[in-house]
Structure formats: C-alpha cells, structure tokens
Amino acid sequence: MSHYLEGLNPAQYAAVTQTEGPVLVVAGPGSGKTRVLTYRIAHLIEKGVAPWEILSLTFTNKAAKEMKERIEKVVGEKANQIWAGTFHSVFGKILRIEAEKINYTSDFTIYDTDDSKSLINSIVKELNLDSTSYPANAVLSRISNAKSNIIPPAKYANNPVLLQEDASQKRPHIYKIYETYVSRCRKAGAMDFDDMLYLLYALFIKNEEVLTKYRNKFKYVLVDEFQDTNQLQYGIIKLLTYYDKSPCNICVVGDDAQSIYAFRGATIDNILDYEKDFKNRGIKTIKLEQNYRSTHHIVQAANEVIAYNSRQLKKDIWTENNEGTKIRLIRTMTDNEEGKRVADLILEQKNRFHLINREIVILYRTNSQSRVFEEYLRHYNITYRVFGGMSFYHRKEVKDLLAYLRLVINPNDEEALKRVINYPKRGIGDTTVEKIISLATAEQIPVWNGILKVEVPPRTKNLLVGFVEMMEVFKQKAKVINAYEVATMVARQSGLLNELKADTTIEGQGRLENFNSLLDSIKEYVENDLVETDDEKNISNYLQTVSLYTDADDEKNDTDYVSLMSVHAAKGLEFKSVFVVGLEEKLFPSFMSMNSTQELDEERRLFYVAITRAKQLLTLTYSNSRYKFGQLNYNDPSRFISEINESHLDSNVNSMKGNGTELVSEAFGSLKSSIKGNFKPIRQVSLPKIDISNFVPSPSENIAAGMKVFTLEIWRRKGVRDRRRKR
DNA sequence: GAAGTGATGTTTTTT
DNA sequence: ACATCACTTC
C-alpha cells in the first residue's frame, strides 16, 4: 500500500506519518512541502479516515486545486469529498449553511475590494467628511486590520490607541465610518473578504452548538502557508481544534522566512504562538531543510540574504543539487531597456537551454511594472500571460454584468444597484440614486424597495418603473432557468451587449471579447460535471463561486506562455528560469516599506521568496532610471543585491549585446555620476525579421554530432538589427 | 442629467 | 501616466 511513502526523506516521512496530535512543519523553500501535505492527506485516507472529516486550508484556489488533483492521483475519487479550499471558500461554504444563524440569507453577496471602497466613499460623503483626508484605501485598510485583529466597531470606538493613531493621521472619524460600513454591509446582505472570517469567528464564539458540530466534523485539520495567517484565521483554527479533550489533530505547515503578508495583518507570531499554545498537547516540530528545487548558487544566495533578518526560526537550508549557473545580474540605463534585455534573454534561454515559455517567469514588486515587458514580449511574438493586476473579474464590463446578476438575487445589494441602475444610460442620475439610498438607509428597507418609494419628478418616476419592470422579469426567470440562461438574457435585455457592440474602438472590441468570454465561462460553469443539480446551476451558486475567483485560477493548460506576476503572486510556484526585475531602492524594497526594520525585513523575505522560485536560472535586473508617476527617477540598485555574495553573481556575461560588461563592484560604484546630460529614453520598435518565438526546441538527447543547429548567432547574422527611434 | 474640464491622488503586495 | 472625482457648463 505504502508506495507513496517511498522516496521520502526522514523529515518528510515523519511529517507524513505523524498523523495524531499537533504538528508544526517548518518547510523551507523547495523542500517538498506540497508533497508532504498531499501524502499526509492520502495517508490519512489510507488509514481509514473519511475524506469529509479532513479540513485542508490553503491561501489560493490554485494551491487547493493542485492539492486535490495530487491527492486524487493517490486515493482516487474520494479526494473530491475532502473539505479542501481557501480559507475564504471553505468558510464561505460554512457561512452559507449557517447563514440564518447570523441573520444573513444563504444568498449573501460577497463584496470585493472595489465594492468596499465604493461603499466607503459613499459613507464618507454622507457623513460630510472631507473626501481627500479619508481616501477609501486607507480607511478600508484600517477597517480590515481591525477585523483581522478581532476588534468590532464598538471596541474600536473605545480603543484609545487606535483613536490616537487615527487622530495623528488626521482621520479621527474612522471609527464612525467603520460602524456605518459594517451596518451597511449587513443591510445590503453583503460580506467583504474580512467578514467571511470575522463572522464565522463570531458565530463560533456565540453559538456553541454550531462550533461543536464542526469540531466533531473536522477530525483532522491541515493548514498550509501558516506564516501568512492572521489572528482571525488562527483564532478560528484554534477554536476548531483546541478544546477540552480534543484530539488536537492539527498540522500546520509554514516558513517564517516566507511570511509576506504582515501588511495585511499576518503575523509570524502565529507560528511562535502555535508552538506555545499546543505545547501541553505534545506538539511535534518537524523541519524540512533539504531543498530539492534550486541549484547550489541559488540556495546559498537565498541563505545569505535571509541571514540579514533578525527574528526567525533557526533552520539550515541545504541542497544536494549541483552548483548550477551563477546568478546573472543585469544593469540597464532605463526601465525600457530593462524590458528589452529581459525579452532578449528569454529568447536566448529558450534557444540555448531549450526552455519552453511555461518554464519562465518575470517577477516584479508592483503590478504596474508589467507593461514594458509585455511590450517587448509582444514585439518578439512570445506568448505571455499577466497574472493579477487588473484581473479579468475586475474589468468594468465583467463587473457590470455580474452586478446585474447580483441584484437579481439580492435586492439589498446597494453596490450592485449603484453600478447598474443607470448603466447603460437610462436617464437616472446621481441625485436620484442618492435619494434612493438615503431613503432606504433611513427607513431600513432594501434599496430595491426604495426605488419605487422615492419621491422624484414624474419623468424620472417612469424611468425608475421601467428599470424595475425589466429587473422583475429577470428575477422571475432566474427562479426557473440556469445561470447561463439568465446571464445571456440580462446581457441582451439590459442593453449591456448593445452598448458594448456600439463601441468599435480597439479597446471596445476587447471589452466585448471579455464580456463574451465571461458568458462562455458561465456556460462552462453550468455544464461542468461537478455542478450537477439544478440548484447548483443557478445564479446564486454561480455568484458565490465566482466572487472568490482570481484570474490565477483560470487554468489555461493548452497554451505555452511566459508568466508575468508580482512576487506575492508567485508564492508556492517554481520555474526553471526566473527573472526578478526592478531591483532598485525605493521599488524593491518599496518606498512604502523603508521606514522600519520590520517592514524592511518583510521586503527581504519577499526577495527571498522571489529568488527561491528559481530551479536553475536566476536573473536579477535593475535600471538606473525609471518612470514613476510619469516622472523620470534615478534609484540606486537594491540593497538586496549587495547582500548576495559576489561569488554567486555573474554580471559579466552579455552575449546578446556587446555593451555594459560591468562587474558587480562597478555596479555599486558611482552609479549616479555615470549619468550625465539629458538622456532621452530610447525605445526599440523593430520586430525581428525571423519569427523564432514559435521555435520548438528538439529534445537535447536527439542532437548528435554533425547536425546543423539553429543558433542565435545565425539568427542575428541574418540581419536582425534594432532600429532606434525617439519616443 | 450629461458631457467636458481640470485637479488630485495613486502604486505595494491579495482573498 | 493614468484614473478618478469634483466642478462647470450646456
């Protein structure tokens, strides 16, 4: 039976088979963590634990899906019955079941960040506060932090420390906004991301019966990426597993060195607390220290960098892998040139090392950096995919249709109403909408009912009646037809589709395409085998699922693309070749995080995560100058580069271009003084004359002596030359 | 109420 | 650079 136990090293074996009692697995990068987690679950099932008694929590849908697939390979179909998913999706599922116990319906809406911000803006306005001193971002992050630290509005309003902090930021009324925000969400039948954790926690505290039910249900609990959990998440986990006479079968896996969400309330204290909290239950700590992923140069560089951090669990990451190639350090004059160099290098690596696009990733600190790389990858006709940033589900055209659907099932959904009542334009203006919302808020009725109750001129009244009548048809139909049918009906009859079709600009066509692919994806959802019953195919269930989607979750297996993503998004992934770009002071580390050692340590951990994604090739780039807010800035190279021992670095190889053969030491010399005069950024616009992007490398074992091989040198000699043109 | 203009903030990271 | 938002004008 135990074939899956073979080939595990002693630490991994212990982590898989120590199924009883609390376990902490400290897992370094590339130490086979996912393997351990999946085998552990497989092992439990082999031992006779029912799959539905296992709760496995991860951070991303992608990780959850991957784990399920891997477990399925070992234990088969049963894997589908495991309660495995992200904190939000699993907790959302429980909240839907228990909804009426917290005065919600199981159809509750999930507000995304845009909805939350929009609501905050409305509230700031209603409270007659100055909108410039209360930016939605800042307010939301205060509210989010409060929730993550289990501080409800009433406590917030009485907390002198928080109030003092707000006062010193010249935002003394945040407590008031917080209070209003919470009551408005509740009234709208909506939860934001934090509520999905907070409300479950509150329910468990308040309702012992419910808590007991889930304590008994989940006999084995596993948590991945534990270093990124916040107080709330740990609180819920503890409620579920730590109680009188509980078996405490909980296993958390994490790496303090990879904690990168402190800004969001995650705290590595959770790992330390966990060891303390479960000490009297016989906690076992297992360290996975052997790295199977990366070459020696990369592992060593990572160790050297992270050593600069002060507070960390003691561990010693090592590898048996070979030395590998040195880490390549590339300096460019402009951010634009950085884009070109990286694209050039990608071409080179594809050819020289026979890499496919999927094995290559470009990692950056901020999503806005993706643009230049996209530009050059497009020039070279290299297929790429940008993760995060303006994700598919955040696009206006997508959100518009979803808002209609939300309003169809939840008449209280204020944010959805605001979005659709006058889009496409039907002559219902802001004043009218404001009247409706304030009426509904004052009288404590659903916004939907406010539409017909509000006092407006007859002309407006007619328009409102027209809107309500249209929506009523949708509502009635939604009860009998599936999500896809409703969506297509709404698309046509609301005028959304016509509005998009009327726009013949390039962007307009793109929007129409997005809109259609949303419809396609709803169709896919309805036709999916896992969604069987009619009930599951309805709009309400679709919306619950889609609200927690991010575009990293749309697996496009058939295409071979180079990935572009933020370092945060790369957590848990690995690639043969990794480019970490924009390694400059004030960018990475971010200027927002340079005020304290703690913040800098987090940036360093982020850098650690970035470089440990690489299996074989690691390229670091930085640029002397870069546009920020439309202004040209000069930054020094990131301190993190200098934290890597020079013996692992290679800045002297420039096979694509003859210029800039600088040594590392030189790179840290007088950078600024080397820039003189008024340099205009140069933009390369020419396309290579031979398209080698679709070049399919032959397996290297097929290459024999005497064969004629296609090399970059040949390609270049054929006369591909860059023409330079001023911007 | 719509459309156009100018000012202002925004860019850290995500479920 | 870009988007959003407040303000003006029609």
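In what follows, chains are A, B, ... by sequence order, proteins preceding strands, each numbered from 1. No hydrogens, no waters, no symmetry mates; every other heavy atom, side chains included, goes into these values.
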Quick one: ring pair (Phe, Tyr, Trp, His ring centres under 6.0 Å) partners of A:Phe59, sequence neighbours excluded? A:Phe87

salt_bridge(A:Arg378, A:Glu375) N-O dist < 4.0 Å: no

Does the pair A:Arg626/A:Glu338 count as a salt bridge with the N-to-O cut at 4.0 Å? yes

Could you list all N or O pairs between the protein and nucleotides 1-4 of chain B that sit under 3.5 Å apart?
residue: B:dG1; atom: OP1; partner: A:Gly429; partner atom: N; Å: 3.4
residue: B:dG1; atom: OP1; partner: A:Thr432; partner atom: OG1; Å: 2.7
residue: B:dG1; atom: OP2; partner: A:Thr431; partner atom: OG1; Å: 2.6

Is any side-chain heavy atom of A:Arg96 closer than 4.5 Å to a side-chain heavy atom of A:Gln544? yes

Could A:Glu415 and A:Arg406 be called an ion pair, given the rule that one side-chain N must be under 4.0 Å from one carboxylate O? no

Nearest-Å distance, CZ (A:Phe263) to P (B:dT12)? 11 Å

So, are A:Asp224 and A:Lys33 salt-bridged, with charged N and O less than 4.0 Å apart? yes

Would you mind classifying the nucleic acid contact of A:Asn121 as base, sugar-phosphate or nothing, using non-hydrogen atoms under 4.0 angstrom? sugar-phosphate

Test side chain to side chain contact (heavy atoms under 4.5 Å, CB included) applied to A:Lys125 - qualifying residues, sequence neighbours left out: A:Glu434

Could you identify which residues of residues 592-601 of chain A place a heavy atom less than 4.0 Å from some atom of DNA chain B, listed by residue number, or say none? A:Met592, A:Ser593

So, is A:Asn367 close to the B:dT12 phosphate, meaning a side-chain N or O under 4.0 Å from OP1 or OP2? no

Does A:Asp335 form a side-chain hydrogen bond (donor to acceptor under 3.5 Å, both in side chains) with A:Ser623? I'd like the steps, not just the answer. CA-CA 6 Å; A:Asp335 46 358; A:Ser623 172; 5.4 Å; no

Polar contact flag, side-chain donor to acceptor under 3.5 angstrom, A:Ser494-A:Tyr423: no

Quick check against the 3.5 Å criterion: does A:Asp195 have a side-chain atom that pairs as donor or acceptor with the backbone of A:Tyr198? no

Say you pick atom C1' in C:dC5 and the same atom in B:dT12; how far apart are they, in whole Å? 23 Å

Tell me: CG of A:Asp228 to P of B:dT13, nearest whole Å? 16 Å

Check whether any side-chain heavy atom of A:Leu232 lies under 4.5 Å from a side-chain heavy atom of A:Asn149, and answer yes or no. no

Any N or O donor-acceptor pair under 3.5 Å from the base of B:dT13 to the side chain of A:Arg264? no

Between P on B:dT15 and CG on A:Leu232, what's the gap in Å once rounded to a whole number? 18 Å

So A:Phe87, base contact, sugar-phosphate only, or nothing? Heavy-atom distance under 4.0 Å. nothing

Calculate the interatomic distance between A:Leu548 atom CG and B:dT14 atom C1'; express it in whole Å. 12 Å

With sugar-phosphate meaning primed atoms plus P, OP1 and OP2, does A:Tyr261 contact a base, only sugar-phosphate, or nothing at under 4.0 Å between heavy atoms? sugar-phosphate

Does a nitrogen or oxygen in the side chain of A:Ser566 sit under 4.0 Å from OP1 or OP2 of B:dT14? yes

To the nearest angstrom, the CD-C1' distance between A:Gln233 and B:dT15 comes to 9 Å

Under 4.0 Å between a Lys/Arg side-chain N and an Asp/Glu carboxylate O for A:Arg264 and A:Asp228? no

Which whole-number value in Å describes the distance from A:Asn230 CG to B:dT15 C1'? 11 Å

What is the distance, rounded to the nearest whole Å, between atom NZ of A:Lys147 and atom C1' of B:dT15? 13 Å

Which parts of residues 602-611 of chain A get close to DNA chain B, meaning a heavy atom less than 4.0 angstrom away? A:Glu603

Side-chain contact test, heavy atoms from C-beta onward, threshold under 4.5 Å: evaluate it for A:His568 versus A:Phe263 and give yes or no. yes

How do A:Ala136 and A:Asp194 order along DNA chain B: which one's closest nucleotide is nearer the 5' end? A:Ala136

Can you give me the first and the last nucleotide of DNA chain C (5' to 3') that has an atom within less than 4.0 angstrom of a non-hydrogen atom in chain A? C:dA1 to C:dA6

Taking atom types as modelled and ignoring hydrogens, do the side chains of A:Ser89 and A:Thr86 form a donor-acceptor contact shorter than 3.5 angstrom? yes

Can you check the A:Asp115 CG to B:dT15 C1' distance for me, whole Å? 14 Å

Salt bridge between A:Glu455 and A:Lys435, side-chain N to carboxylate O under 4.0 Å? no

The side chain of A:His88 is closest to which nucleotide in this list: B:dT12, B:dT14, B:dT15? B:dT15

